[in-house]
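Taking it in order: structure first as C-alpha cells, then the write-up.
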Amino acid sequence: MSQPKHPVRSVNRALDIVEVVQELDGAGVSEIAARVDVGKSAVHNHLNTLVNREYLLKEGDQYHIGISFFGLGAYARNRMDIYASARSEADKLADNTDELVNLLVEKNGKGVYLYQASGENAVDLDTYEGKQVYLHCTALGKALLAFRPHGEVVDVLDTHGMPKMTESTITDREEFFEELERIREQKFALDCEERLTGLCCVAAPITDEQDRSIGAISISCPLHRVSDQRFREELPDEVLSTANVIELSHNYS
C-alpha cells in the first residue's frame, strides 16, 4: 500500500486509537496511550471527540467501538462484488452441511471475514464479520495465498510474520511454501487446529479470470465430530463446488 505524500498526523492518531480499541476489545486511556505512544491528554481529547460522534462508546473507564462504524462497514461490504456473488451461495452451503461457512478477503496482508453463515450445527467461534486474522494459520488464508504470486506471499510473511497460534501452526517458510504448492495442485486447503485447538476447516479459493484469488470460502467444524473421510473428501467437494459457482457468477455475470 502506497504512503501518502503529506499524511495528516491527527487523522492517523485517531485511526490508530480506533484500531487499538478494536484489537483489545475495549481499552482505557492509559492502555491506549501506551499502545499508540501518545500522551494521555491527547488520547483523551481524541477519545472524547470520537465518543461525541458515536464512533466510540464509553462504558465506565473503558472505550469500545460505537455504532457509527456499523453503517460504514455495511456500506463498504455491500459495494464489494464478491459479497453480492457469494452471500447466497454461502447460505446454501451452510444449510447443506449444517456447519459454519466463512467468506474471507485479504486486506493489507491480513484476512478479513466478510460474511459468515451458520448451519444447524454451526460451531460458535471467536470470529465475526470484520475480524482480521493472520493468513498463514487458516485454511482460508492458505487457499487465498496459494493463488497469489510468490513475491506477494513473501511480502505478507515479511510484514506480518508467522506467529505460532497453536502447536499445529506452520511457522517454517519452506514448509509453508510446500503447503501452498499442495493447495495449488488439489485446489483446496485444510486447517487442522492451526489457528484454534479443536477446530478444523476446509477452504477453497475464489479466483478471477486470471486465476488470482480475490477471496476464499470455508467450512469450519469441531475436530471431534468430523470423520477423516468427511474432512478430506466430502467437505472439500462441497466447498469446491460452491467456490466454482461464486466464480462463475462473479467473473461472467
Are the side chains of [X] and [Y] in touch, meaning some heavy atoms are under 4.5 Å apart?
X      : Y      : result
Cys192 : Leu223 : yes
Lys92  : Thr242 : no
Arg195 : Thr127 : yes
Phe147 : Gln210 : no
Arg148 : Val156 : no
Ile206 : Leu103 : yes
Glu89  : Val101 : no

With sequence neighbours left out, which residue pairs that include part of residues 49-68 fulfil the ring pair (Phe, Tyr, Trp, His ring centres under 6.0 Å) condition?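 Matches after skipping sequence neighbours: Tyr55-Phe69.
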Practice problem: Any pair with a residue in residues 107-135 that passes ring pair (Phe, Tyr, Trp, His ring centres under 6.0 Å), sequence neighbours left out, goes on the list, sorted by first then second residue, please. | Solution: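 Residue pairs passing ring pair (Phe, Tyr, Trp, His ring centres under 6.0 Å), neighbours aside: Tyr83-Tyr115, Tyr134-His136.
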Is there a path of hydrophobic side-chain contacts, each under 4.5 Å between heavy atoms of I/L/V/M/F/W/Y residues, joining [Y] to [X]?
X      : Y     : value
Val8   : Ile17 : no
Phe188 : Leu93 : yes
Val245 : Met80 : no
Val11  : Val21 : no
Val36  : Val29 : yes

| query | With a 4.0 Å cut-off, would you call Arg225 and Glu99 a salt bridge? | reply |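 Salt bridge present between Arg225 and Glu99.
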> Below 4.0 angstrom, N of the basic side chain to O of the carboxylate: do Arg212 and Asp208 qualify?
Replying inline: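 Looking at Asp208 together with Arg212, the answer is no, because their closest N to O distance does not fall below 4.0 Å.
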How many angstroms lie between [atom1] in [X] and [atom2] in [Y], if you round to the nearest 0.5 Å?
X      : Y      : atom1 : atom2 : value
Gln62  : Asp25  : CD    : CG    : 9.5 Å
Glu194 : Ile170 : CD    : CD1   : 4.5 Å
Ser241 : Ile246 : OG    : CD1   : 10.0 Å
Glu19  : Ile65  : CD    : CD1   : 9.0 Å
Leu56  : His46  : CG    : NE2   : 11.5 Å
Asp98  : Ser118 : CG    : OG    : 11.0 Å

Taking atom [atom1] of [X] as the centre, does the number of heavy atoms from other residues, nucleotides or ligands within less than 6.0 Å exceed 12?
X      : atom1 : value
Glu209 : CD    : yes
Lys164 : NZ    : yes
Asp61  : CG    : no
Asp124 : CG    : no

Checking [X] side chain against [Y] main chain: does a donor-acceptor pair fall under 3.5 Å?
X      : Y      : value
Thr166 : Glu193 : yes
Glu106 : Asn108 : yes
Ser220 : Asn102 : no

Could you identify which residues cluster with Val123, counting Ile, Leu, Val, Met, Phe, Trp and Tyr as linked when any side-chain heavy atoms lie under 4.5 Å apart, either directly or through a chain of such contacts?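 Taking Ile, Leu, Val, Met, Phe, Trp and Tyr as members, Val123 shares its hydrophobic cluster with Leu100, Leu125, Leu196, Leu199.
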#### Entry: Connected hydrophobic set around Ile67, excluding itself, where side chains approach under 4.5 Å
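For the cluster that includes Ile67, the remaining residues are Phe70.
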Locate the shortest heavy-atom distance separating [X] from [Y]; write the atom from each residue and the value.
X      : Y      : answer
Thr207 : Asn251 : O-ND2, 3.1 Å
Ser213 : Leu144 : OG-O, 2.7 Å
Val226 : Leu235 : CG2-CD1, 4.3 Å
Thr138 : Val133 : CG2-CG2, 4.4 Å
Ala139 : Cys201 : CB-O, 3.8 Å
Val105 : Ile214 : CG1-O, 3.7 Å

Quiz: residues 173-183 side-chain donor-acceptor pairs under 3.5 angstrom, not counting sequence neighbours:
residue : atom : partner : partner atom : Å
Arg173  : NH1  : Asp158  : OD1          : 3.1
Arg173  : NH2  : Asp158  : OD1          : 2.6
Glu179  : OE1  : Arg182  : NE           : 3.4
Glu179  : OE1  : Arg182  : NH2          : 2.7
Glu179  : OE2  : Lys142  : NZ           : 2.9
Glu181  : OE1  : Arg184  : NE           : 3.4
Glu181  : OE1  : Arg184  : NH2          : 2.8

With sequence neighbours left out, the residues meeting salt bridge (charged side-chain N to carboxylate O under 4.0 Å, His left out) with Glu238 are none
